[in-house]
Participant: 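Take a look at this one; I'll ask things after.
Please read all numbers here as calculations on a predicted model, not as lab measurements. Throughout, a chain's letter reflects where its sequence line sits, starting with A, and its residues are numbered from 1.
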There are 2 protein chains.
Amino acid sequence: MSAKGPRSNTAEEILDIAEMLIQTRGYNAFSFQDISDRLGIRKASIHYHFASKTALGVAVVERYSAGFTEALQAVEADETKSAMDMFDCYTGPYREFADTPDRVCLCGALAGEILALPVEMRERVEAFFKMHLAWLKRIVARGVKRGEFEFSVTNGQMARTMFGALQGALLVKRTTGDSSQMSDVIKVLKAQLTG
Amino acid sequence: MSAKGPRSNTAEEILDIAEMLIQTRGYNAFSFQDISDRLGIRKASIHYHFASKTALGVAVVERYSAGFTEALQAVEADETKSAMDMFDCYTGPYREFADTPDRVCLCGALAGEILALPVEMRERVEAFFKMHLAWLKRIVARGVKRGEFEFSVTNGQMARTMFGALQGALLVKRTTGDSSQMSDVIKVLKAQLTG
DNA sequence: GTCTATACAAAGATAGAC
DNA sequence: GTCTATCTTTGTATAGAC
């Protein structure tokens, strides 16, 4: 994570809108015109803040990724939390997305079109995924060590399953419109962790 | 499902290529030019077989959906199979996709860009999803009734979790490139079914 | 920083010859 | 059925005025 200088208000608004558009429609299905319509400035003006669509996409992923990573680090550092508490913190954003119509995790959305993404974005999405998996594996291992969790597969297998299940649940929930999808999945995952 | 007449070879080849392109790049990120390049006919000629891109997309989904539905019906009708056998049959295509680089389930791919899809396609993707969920719920219920399965959530919750986990696993596997993702998830799901 | 104007490429689609 | 040619729209991007 390189240290980025402070950004202008307009640049931040562009990032907000772009993030929302990617989460709802995907990277390849949104245009500068869409941002222009919502922000009220001409699409050419967007290029003043972000030289290219690729640069904008990269900035969106980096901002999102940095915020998420920071939050996860804070959760992990809190020694007063049980492993299950940490897992509950982790699922918080997923529950929020599930309650927001048509919205999925940014990187889940981008993962769906990973091969149609500029390489600069692809690398960052991959790195973000791997960060999630590594974090979950550490939390799972912690729960096992403390005697909170008990299951019959490896920690890595459990972490992967949980991550995939949560990402998949967002996908399914948006398509079927069934908001109970997410809470069902979390319930099953928690039952699974405790054996 | 309306009864479609037999299609020409070229039309079938177009469908094959379009299906592959949607599975790897997504609907909005492929063009008639991509098909033209691979098939060796000019892009205008594609319009002879499919009037519009929407019509082509619909045809791809319907063919895929019909094939999948038929296969699932056959599995379900086979009384000699245990519920776990049926689940193993169900996961077959997922395991295949997981072993094919860069390929995911067609409808998982389309689900990622559902809001950026023509309505005609959206409806069909939604229906296909609901068919999967209903089928899984029936198989799960069957396993419970026969004493094969045992778990602490409802049949519907279990079916949703399994479907989401499998779709999510394909997504994660493609992004991380880790082919063991799918077998890990299936292993966990099976452990979960048997309590 | 935002505007108008414009360049340039690619997309989906149609018309008509062969 | 496939071709060439063309139309129209949309997309990303740049130049230069304000």
Side-chain angles (χ1 to χ4, degrees), chain A residues 4-61 109-110 113 115-122 124, chain B residues 4-61 109-110 113 115-122 124:
Chain A
K4 289 278 154 50
R7 254 187 289 249
S8 71
N9 274 351
T10 305
E12 287 294 338
E13 288 180 82
I14 291 170
L15 287 174
D16 290 339
I17 295 169
E19 181 178 307
M20 184 266 289
L21 287 170
I22 293 174
Q23 285 182 305
T24 50
R25 305 176 46 82
Y27 177 78
N28 284 292
F30 93 88
S31 69
F32 279 36
Q33 189 60 56
D34 294 323
I35 296 177
S36 169
D37 293 341
R38 287 168 176 76
L39 191 54
I41 68 173
R42 310 258 90 183
K43 61 177 178 169
S45 308
I46 299 169
H47 284 278
Y48 172 79
H49 301 278
F50 299 96
S52 66
K53 191 182 178 184
T54 297
L56 173 56
V58 166
V60 168
V61 174
L110 291 173
E113 48 183 345
L115 293 176
L117 253 36
V119 274
E120 297 96 317
M121 291 185 69
R122 210 183 298 182
R124 284 164 174 88
Chain B
K4 290 281 154 49
R7 254 186 289 246
S8 71
N9 274 350
T10 305
E12 287 294 339
E13 288 180 83
I14 291 170
L15 287 173
D16 290 339
I17 296 169
E19 181 178 307
M20 183 267 289
L21 287 170
I22 293 174
Q23 286 182 306
T24 50
R25 303 176 47 80
Y27 177 79
N28 284 293
F30 93 88
S31 68
F32 279 36
Q33 189 61 56
D34 293 325
I35 296 177
S36 169
D37 293 341
R38 286 168 176 76
L39 190 54
I41 68 173
R42 309 257 94 184
K43 63 175 180 169
S45 309
I46 299 169
H47 285 277
Y48 171 79
H49 300 279
F50 300 96
S52 66
K53 191 182 179 185
T54 298
L56 173 56
V58 166
V60 168
V61 174
L110 292 173
E113 48 183 345
L115 293 175
L117 253 35
V119 272
E120 298 96 316
M121 291 185 67
R122 211 184 297 182
R124 285 165 174 87

Participant: What integer distance in Å separates Leu39(B):CG from dG1(D):C1'?
Facilitator: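 Rounding to the nearest Å, CG of Leu39(B) and C1' of dG1(D) are 12 Å apart.
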
Participant: Using every non-hydrogen atom in the two residues, find where Lys43(A) and Ser36(A) come nearest and quote the distance to one decimal.
Facilitator: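 Result for this residue pair: N-OG, 3.5 Å.
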
Participant: Side chain to side chain contact (heavy atoms under 4.5 Å, CB included) with Phe32(B): which of Asp37(B), Leu56(B), Ile14(B)?
Facilitator: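 Going through Asp37(B), Leu56(B), Ile14(B) one by one, the side chain to side chain contact (heavy atoms under 4.5 Å, CB included) with Phe32(B) is satisfied by Leu56(B) alone.
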
Participant: Side-chain N or O of Thr10(A) versus OP1/OP2 of dG1(C): is the shortest distance under 4.0 Å?
Facilitator: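 Looking at the OP1 and OP2 atoms of dG1(C), neither is under 4.0 Å from any side-chain N or O of Thr10(A).
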
Participant: Tabulate atom names and distances for all N/O pairs under 3.5 angstrom spanning the protein and nucleotides 10-13 of chain C.
Facilitator:
from, atom 1, to, atom 2, distance (Å)
dA11(C), OP1, Ser31(B), OG, 3.2
dG12(C), OP1, Lys53(B), NZ, 3.3
dG12(C), OP2, Phe32(B), N, 3.0
dA13(C), OP2, Lys53(B), N, 2.7

Participant: Do Glu13(B) and Asn9(B) pair up side chain to side chain, a donor and an acceptor below 3.5 Å, judged on atom types alone?
Facilitator: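 There is no such pair (donor and acceptor under 3.5 Å, judged by atom type) between the side chains of Glu13(B) and Asn9(B).
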
Participant: Could you give the distance from CG (Leu110(B)) to CG (Asn28(B)), rounded to the nearest 0.5 Å?
Facilitator: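 It is 9.5 Å, given to the nearest 0.5 Å.
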
Participant: Please determine whether side chain to side chain contact (heavy atoms under 4.5 Å, CB included) holds for the pair Asp34(A) and Arg38(A), giving the CA-CA distance in whole Å, both sets of side-chain angles, and the decisive distance to 0.1 Å.
Facilitator: CA-CA 7 Å; Asp34(A) 294 323; Arg38(A) 287 168 176 76; 3.8 Å; yes

Participant: Apply side chain to side chain contact (heavy atoms under 4.5 Å, CB included) to residues Ile22(A) and Val61(A) and explain how you reach the verdict.
Facilitator: CA-CA 10 Å; Ile22(A) 293 174; Val61(A) 174; 6.0 Å; no

Participant: Quick one: is Tyr48(B) getting a side-chain N or O under 4.0 Å of the dG1(D) phosphate, OP1 or OP2?
Facilitator: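 For dG1(D), OP1/OP2 do have a side-chain N/O of Tyr48(B) under 4.0 Å.
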
Participant: Quick check: does any side chain N or O of Glu113(A) sit under 3.5 Å from a backbone N or O of Ala29(B), one acting as donor and the other as acceptor?
Facilitator: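 Not confirmed, Glu113(A) side chain does not pair with Ala29(B) backbone.
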
Participant: Using whole Å, report how far OH of Tyr27(A) lies from P of dG11(D).
Facilitator: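 Going from OH in Tyr27(A) over to P in dG11(D) covers 14 Å.
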
Participant: How long is the line joining CD of Glu12(A) and P of dG1(C), in whole Å?
Facilitator: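 Taking CD of Glu12(A) and P of dG1(C), I get 13 Å after rounding.
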
Participant: Do you know which two heavy atoms are closest between Lys53(B) and Tyr27(B), and how far apart they sit?
Facilitator: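 Minimum heavy-atom separation between Lys53(B) and Tyr27(B): NZ-O, 2.9 Å.
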
Participant: Ile46(B) has an atom CD1; how far is it from atom C1' of dT2(D), in whole Å?
Facilitator: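 In whole Å, dT2(D) C1' and Ile46(B) CD1 are 11 Å from each other.
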
Participant: Between P on dG1(C) and CD1 on Ile35(A), what's the gap in Å once rounded to a whole number?
Facilitator: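 Taking CD1 of Ile35(A) and P of dG1(C), I get 17 Å after rounding.
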
Participant: Flag the pair Phe50(A) / Leu15(A) as yes when at least one side-chain heavy-atom distance between them is below 4.5 Å, and no otherwise.
Facilitator: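 Contact flag for Phe50(A)/Leu15(A) side chains = yes.
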
Participant: At 10 degrees resolution, what angle do the end axes of the helix from dG1(C)-dC18(D) to dC18(C)-dG1(D) form when each is taken over five base pairs?
Facilitator: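 Axis-to-axis angle, ends of the helix: 0°.
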
Participant: Whole Å only: how far is the CG atom of Asn28(B) from the P atom of dG11(D)?
Facilitator: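 It works out to 11 Å between those atoms.
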
Participant: What integer distance in Å separates Ile41(A):CD1 from dT2(C):P?
Facilitator: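 About 5 Å, once rounded to whole Å.
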
